[in-house]
Amino acid sequence: QVRLAESGGGSIQAGGSLRLSCDYGRIPYSGYCMAWFRRRSGSEREAVAGIGANGNTTYTDSVKGRFTISLNRAQGTMYLQMVNLEPEDTAMYYCAARTRPPFVTGGDCMSLDMDYWGKGTPVTISS
């Protein structure tokens, strides 16, 4: 069974940085993609960044240039480096994995149709 565990969330001021981690250990499938999602208060869960089996990355427009997704498959850890954080980034952040095709590109992982989810880590940005 695949288990995802997020960490690294916190409360900081606008303009600061955080790095989220998602420990997933081992995914016993031939291919997969992974992504970060967030749920802001009063909003639906949305995709933030995805990384495909080929290493391709995709970002939602509001975080481009500020967030960087990366994946260490050997270690079984995914990261989301976030800089220049804004109050609008306040949300619960979740990591997720998709093991069913398609999973080649980061864009393949930018939907809610994922196979495994973590429980989330909270991020609060104050102005």
Side-chain angles (χ1 to χ4, degrees):
Q1 181 73 346
V2 177
R3 287 187 171 83
L4 310 181
E6 304 92 338
S7 62
S11 297
I12 64 171
Q13 290 191 318
S17 301
L18 284 173
R19 188 176 80 157
L20 306 183
S21 298
C22 173
D23 291 316
Y24 65 91
R26 175 178 169 269
I27 293 182
Y29 294 94
S30 59
Y32 59 92
C33 63
M34 298 194 70
W36 287 96
F37 293 77
R38 67 185 179 188
R39 186 196 298 271
R40 292 182 279 193
S41 178
S43 299
E44 299 292 321
R45 192 175 300 193
E46 62 175 345
V48 174
I51 184 165
N54 66 357
N56 169 263
T57 57
T58 301
Y59 300 89
T60 193
D61 286 345
S62 63
V63 307
K64 285 180 180 178
R66 301 188 300 120
F67 290 12
T68 303
I69 187 173
S70 60
L71 185 61
N72 184 326
R73 295 181 190 272
Q75 182 176 326
T77 306
M78 179 174 66
Y79 301 97
L80 185 68
Q81 178 68 51
M82 307 185 293
V83 301
N84 195 20
L85 283 159
E86 304 168 352
E88 292 74 22
D89 296 316
T90 295
M92 184 69 79
Y93 284 74
Y94 303 88
C95 66
R98 179 180 173 88
T99 58
R100 292 169 292 121
F103 48 60
V104 175
T105 69
D108 291 336
C109 252
M110 297 287 278
S111 82
L112 296 177
D113 188 18
M114 304 293 279
D115 296 301
Y116 302 96
W117 291 88
K119 295 183 178 181
T121 185
V123 171
T124 302
I125 310 301
S126 58
S127 57

> Tell me, please, which residues at least two apart from Phe37 pass ring pair (Phe, Tyr, Trp, His ring centres under 6.0 Å).
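Ring pair (Phe, Tyr, Trp, His ring centres under 6.0 Å) check on Phe37 returns Trp117.
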> With a 4.5 Å cut-off on side-chain heavy atoms, are Asp113 and Arg98 touching?
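Yes. Closest side-chain heavy atoms under 4.5 Å.
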> Please identify each residue that fulfils side-chain hydrogen bond (donor to acceptor under 3.5 Å, both in side chains) with Tyr116, with sequence neighbours left out.
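Expected list: Tyr29.
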> Could you check if a side-chain atom of Val104 sits within less than 4.5 angstrom of a side-chain atom of Pro102, using non-hydrogen atoms only?
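Heavy-atom side-chain distance check fails, nothing below 4.5 Å.
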> Can you list everything that forms a side-chain hydrogen bond (donor to acceptor under 3.5 Å, both in side chains) with Tyr79? Sequence neighbours excluded, please.
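Residues passing side-chain hydrogen bond (donor to acceptor under 3.5 Å, both in side chains) with Tyr79: Gln75.
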> Is any side-chain heavy atom of Arg45 closer than 4.5 Å to a side-chain heavy atom of Leu112?
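Yes, side chains in contact.
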> Starting from Met110, can I reach Met78 by hopping between I/L/V/M/F/W/Y residues whose side chains sit under 4.5 Å apart?
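No, separate clusters.
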> Please enumerate all residues that pass side-chain hydrogen bond (donor to acceptor under 3.5 Å, both in side chains) together with Tyr93, with sequence neighbours excluded.
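Only Arg38 meet the side-chain hydrogen bond (donor to acceptor under 3.5 Å, both in side chains) criterion with Tyr93.
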> Quick one: list whatever passes side-chain hydrogen bond (donor to acceptor under 3.5 Å, both in side chains) with Arg66, sequence neighbours left out.
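With sequence neighbours excluded, Arg66 shows a side-chain hydrogen bond (donor to acceptor under 3.5 Å, both in side chains) to Asp89, given in chain and number order.
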> Are Ile12 and Val63 connected into the same hydrophobic cluster when the rule is that any two of I, L, V, M, F, W, Y join if their side-chain heavy atoms are below 4.5 Å apart?
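In one cluster: yes.
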> Using the rule given for side chain to side chain contact (heavy atoms under 4.5 Å, CB included), can you reason through Ile51 versus Tyr32, listing the C-alpha separation, both sets of side-chain angles and the distance that settles it, and then say yes or no?
CA-CA 9 Å; Ile51 184 165; Tyr32 59 92; over 6 Å; no
> For Tyr24 versus Leu71, what's the shortest heavy-atom pair and its separation?
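Nearest heavy atoms, Tyr24 then Leu71: OH-CD1, 3.5 Å.
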> Identify the two heavy atoms, one from Ala49 and one from Leu80, that lie closest to each other, and give their separation to 0.1 Å.
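Of all heavy-atom pairs spanning Ala49 and Leu80, the closest is CB-CD1, 4.2 Å.
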> Find out if a path of hydrophobic residues (ILVMFWY) with successive side-chain heavy-atom gaps under 4.5 Å connects Met34 to Met82.
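Yes, because Met34 and Met82 connect within a single hydrophobic cluster, where side-chain heavy atoms sit under 4.5 Å apart.
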> So Pro28 and Val2, do their side chains get closer than 4.5 Å, heavy atoms only?
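Yes, side chains in contact.
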> Does Trp36 share a hydrophobic cluster with Leu18, counting links as ILVMFWY side-chain heavy atoms below 4.5 Å and allowing steps through other members?
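Looking at the clustering, Leu18 is in the same group as Trp36.
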> Do you know which two heavy atoms are closest between Ser17 and Gln81, and how far apart they sit?
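Scanning both residues completely, I find the closest heavy atoms to be CB-NE2, 4.2 Å.
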> Tell me the closest heavy-atom pair linking Leu4 and Cys22, and the distance in Å.
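Closest approach of Leu4 to Cys22, heavy atoms only: CB-SG, 4.0 Å.
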> Looking at residues at least two apart in the chain, or sitting in another chain, which of them share a salt bridge (charged side-chain N to carboxylate O under 4.0 Å, His left out) with Asp115?
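Testing Asp115 for salt bridge (charged side-chain N to carboxylate O under 4.0 Å, His left out), a comparison that skips the adjacent residues, returns Arg100.
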> Is there side-chain contact between Tyr94 and Leu20, with heavy atoms separated by less than 4.5 Å?
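Not in contact.
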> Using a 6.0 Å cut-off, check whether atom CZ of Arg40 has over 12 heavy atoms from anything other than its own residue.
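Yes, enclosed.
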> Hydrophobic clusters here meaning ILVMFWY residues chained together by side-chain heavy-atom distances under 4.5 Å, can you tell me if Tyr59 and Val123 are in one?
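Tyr59 and Val123: one cluster.
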